[in-house]
Amino acid sequence: MHKILILGPQGSGKGTQANILADKLGIPALSMGQLLREVKSGGSELGKTIGGIIDRGELVPDETALEVLKQRLDQEDAKDGYILDGYPRNAAQNETYKTFDQPTAMLIITVPREESVNRILERAKVEQRVDDTPEAINRRLDIYEGETKPIIDSYRDSGVVHDIDGIGTIEEISENINNALGL
Ligand code: AMP
């Protein structure tokens, strides 16, 4: 069974690659950011509370992310495996994750910070995400560097981590991922 975590800075193309891989493996691609944006747009009290946090580019409380994730993982289509984009992002989330699951692989899509910022600003022209301002982008990249990278490093000894160069065409990067996973 595949339980693949896909991580990388914003703008690395990890969402695109998660979807391609999900289609190939016949398992769902889950995006933590997307799941939380759905809660935000649902208009509930919780949605209102986390809306501002998301717009500023900060992490929503760990318990909220966990609850939303668990509800999604409990759905039938995730029973045979999943690709998860954007979780865990800090040490506390990683400790919790380890209590209920173990990744079979961790794909780290690497792109230099400057390239990452440029790509998000390009995306912002079409998608109009409220958190695609320079301030929020930099905050999200700081969190990635400071909090997410250390947890990735903690998995390196277990041999599940695959670093994938995020510079190249969508097809090239997808092929590198397939090779890394032996698919
Ligand atoms: P993303 O689409 O991955 O850039 O995520 C968008 C936003 O959703 C982030 O800036 C956070 O506000 C929130 N978010 C996504 N994943 C998490 C997580 N694992 N923990 C807390 N907040 C998250």
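Because only heavy atoms are used, hydrogens play no part in the values below, and waters and symmetry mates are left out as well, while side chains stay in. We count ligands from 1, going down the list as the structure has it; atoms in each ligand are counted the same way.
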Look at the side-chain heavy atoms of Ile, Leu, Val, Met, Phe, Trp and Tyr, link any pair under 4.5 Å apart, and say whether [X] and [Y] land in one connected group.
X: Ile54; Y: Leu46; answer: yes
X: Val60; Y: Ile143; answer: no
X: Leu21; Y: Met106; answer: no

- contact_flag Arg37 ligand 1 heavy-atom lt 4.0 Å: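 Heavy atoms of Arg37 do come under 4.0 Å of ligand 1.
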Which of the ligand 1 atoms, numbered from 1, are nearer than 4.0 Å to a heavy atom of [X]:
X: Arg140; value: 4 (O), 10 (O)
X: Gln10; value: 4 (O)
X: Ala65; value: 20 (N)
X: Met32; value: 16 (N), 17 (C), 18 (C), 19 (N)
X: Tyr87; value: 19 (N)

List the closest protein heavy-atom neighbour of [atom]: residue, atom name, distance to the nearest 0.1 Å.
atom: atom 14 (N) of ligand 1; result: Leu36 CD1, 3.4 Å
atom: atom 8 (O) of ligand 1; result: Gly33 CA, 3.8 Å
atom: atom 7 (C) of ligand 1; result: Ile54 CG2, 4.1 Å
atom: atom 9 (C) of ligand 1; result: Arg89 NH1, 4.0 Å
atom: atom 22 (N) of ligand 1; result: Val60 N, 3.2 Å

- Evaluate the criterion salt bridge (charged side-chain N to carboxylate O under 4.0 Å, His left out) for residue pair Arg140 and Asp132; output intermediate values, then yes/no. CA-CA 10 Å; Arg140 282 147 68 207; Asp132 279 348; 3.2 Å; yes
- Task: Report yes or no: do Tyr87 and Asn94 form a side-chain donor-acceptor pair below 3.5 Å?
- Result: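 On atom types as modelled, these side chains do not qualify, holding no pair under 3.5 Å.
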- Query: With no hydrogens and no angle check, do the side chains of Asn118 and Arg123 hold a donor and an acceptor under 3.5 Å apart?
  - Reply: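 Note: Asn118 and Arg123 side chains miss the donor-acceptor criterion.
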Please determine if [X] has a nitrogen or oxygen closer than 3.5 Å to a nitrogen or oxygen of ligand 1.
X: Asp85; value: no
X: Glu58; value: yes
X: Gly86; value: yes

- Task: With atom 20 (N) of ligand 1 as the reference point, say which of Lys14, Arg129, Gln93 has the nearest heavy atom.
- Result: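 Comparing heavy atoms across Lys14, Arg129, Gln93, the nearest one to atom 20 (N) of ligand 1 lies in Gln93.
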- Query: Does the pair Leu141 and Ser116 meet the rule for a side-chain contact (heavy atoms from CB on, under 4.5 Å), with working shown?
  - Reply: CA-CA 9 Å; Leu141 290 172; Ser116 186; 3.6 Å; yes
- Looking at Phe100, is Lys70 sitting on its ring face, NZ or CZ under 6.0 Å from the six-membered ring centre and within 45 degrees of the normal?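 Checked: cation-pi criterion met.
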- In terms of heavy-atom contacts, does CD of Glu115 have more than 12 from other residues, nucleotides or ligands at under 6.0 Å?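 Yes, CD of Glu115 has more than 12 neighbouring heavy atoms, counting only those of other groups under 6.0 Å.
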- Message: Quick check on side-chain contact (heavy atoms from CB on, under 4.5 Å): which of Ile177, Leu84, Val160, Thr104 does Ile4 satisfy it with?
- Response: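 It is Thr104, the one option of Ile177, Leu84, Val160, Thr104 that forms the side-chain contact (heavy atoms from CB on, under 4.5 Å) with Ile4.
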